[in-house]
Amino acid sequence: MPDEKKRLAIICLHGSLDVAFATFVLATAGAAMEMETAVYFAFYGLEVLKKGKINKLKVSPLANPAMPVKIPNVVAMLPGMTAAATAMMKSWMKKSRVATLGELLDMARELGVKLIACQMSMEVMGIKKEDLIDGVEIGGAATFLEFASHNAITLTF
Amino acid sequence: MSEFTPDVTLDNSGLACPMPIIKTKKAIDGMQVGQVLKMIATDPGSLPDVQAWVSKTGHELLKHETEGNRFIFYIRKAK
């Protein structure tokens, strides 16, 4: 098929704010560039698709040497530090007028980005379909690979 | 004054990547072929991004200009 539409196939394996953010920036930009876009969420990435979670994802300062404010691990491990680092990150993002994750998720759905939850990961992690937001497809490795096998760029987060 | 009369104007001032591109795509989707969109952005990455976007989508970047910290694009819907 010479005119087959370019696709963007993304795998998201992590449920943290920064990783989900990168995932949705690329997914929405891909859809805006008229690429047929799908994101496959597996393992911790499923956290992103849980009802009511999208704006509650966190960033950990522990073992994270690239935080703009340097936090030694011995401090980062203390209770409350993940919440503090997340609040800091969100305030920087707000100052830069970057869209929130919730806005990016809404945009992704509006632009027709396909969101696929890994069935096997759901099984392993005890996550049920009703725990996930509406409109999520459930599929396995073959579902993702079949999508990606047609003229796709693949990104993994 | 520009030689292109925009049919639609979209102000994305203050918005960061990837929002200017997403809003541009949505605005273009709602327009007729041949119409011109005037898009204003302040995101410093918007110039290469708009150029990449038109190259990928096939719409035509008629002109772009810079006014202070504002980038102004005239894009014609091609299809």
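Reminder, nothing fancy here: chain letters follow the sequence lines and each chain counts from 1.
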Most contacts with chain B, counted as non-hydrogen pairs under 4.5 angstrom, among A:E103, A:E34, A:M35, A:E110: A:E34

More than 12 non-hydrogen atoms from neighbouring residues, nucleotides or ligands closer than 6.0 Å to [atom1] on [X], yes or no?
X      : atom1 : value
A:E123 : CD    : no
A:K6   : NZ    : yes
A:M77  : CE    : no
A:E130 : CD    : yes
A:K53  : NZ    : no
A:K95  : NZ    : no
A:K129 : NZ    : no

Gap between atom CG of B:N12 and atom CZ of A:R97 - 0.5 Å precision: 10.0 Å

Euclidean distance, B:D29 CG relative to A:L111 CG, rounded to 0.5 Å: 8.5 Å

CA sep, side-chain torsions, deciding dist, call: B:M19, A:V98, side-chain contact (heavy atoms from CB on, under 4.5 Å): CA-CA 8 Å; B:M19 279 303 171; A:V98 166; over 6 Å; no

Please classify the contact between [X] and chain B as side chain, backbone, both or neither, with a heavy-atom cut-off of under 4.5 Å.
X      : result
A:T28  : both
A:L26  : neither
A:M107 : side chain

Distance-minimising heavy-atom pair for B:T57 and A:A32: CG2-O, 4.1 Å

A:A29 to B:P18 - nearest heavy-atom pair and separation: CB-CB, 4.1 Å

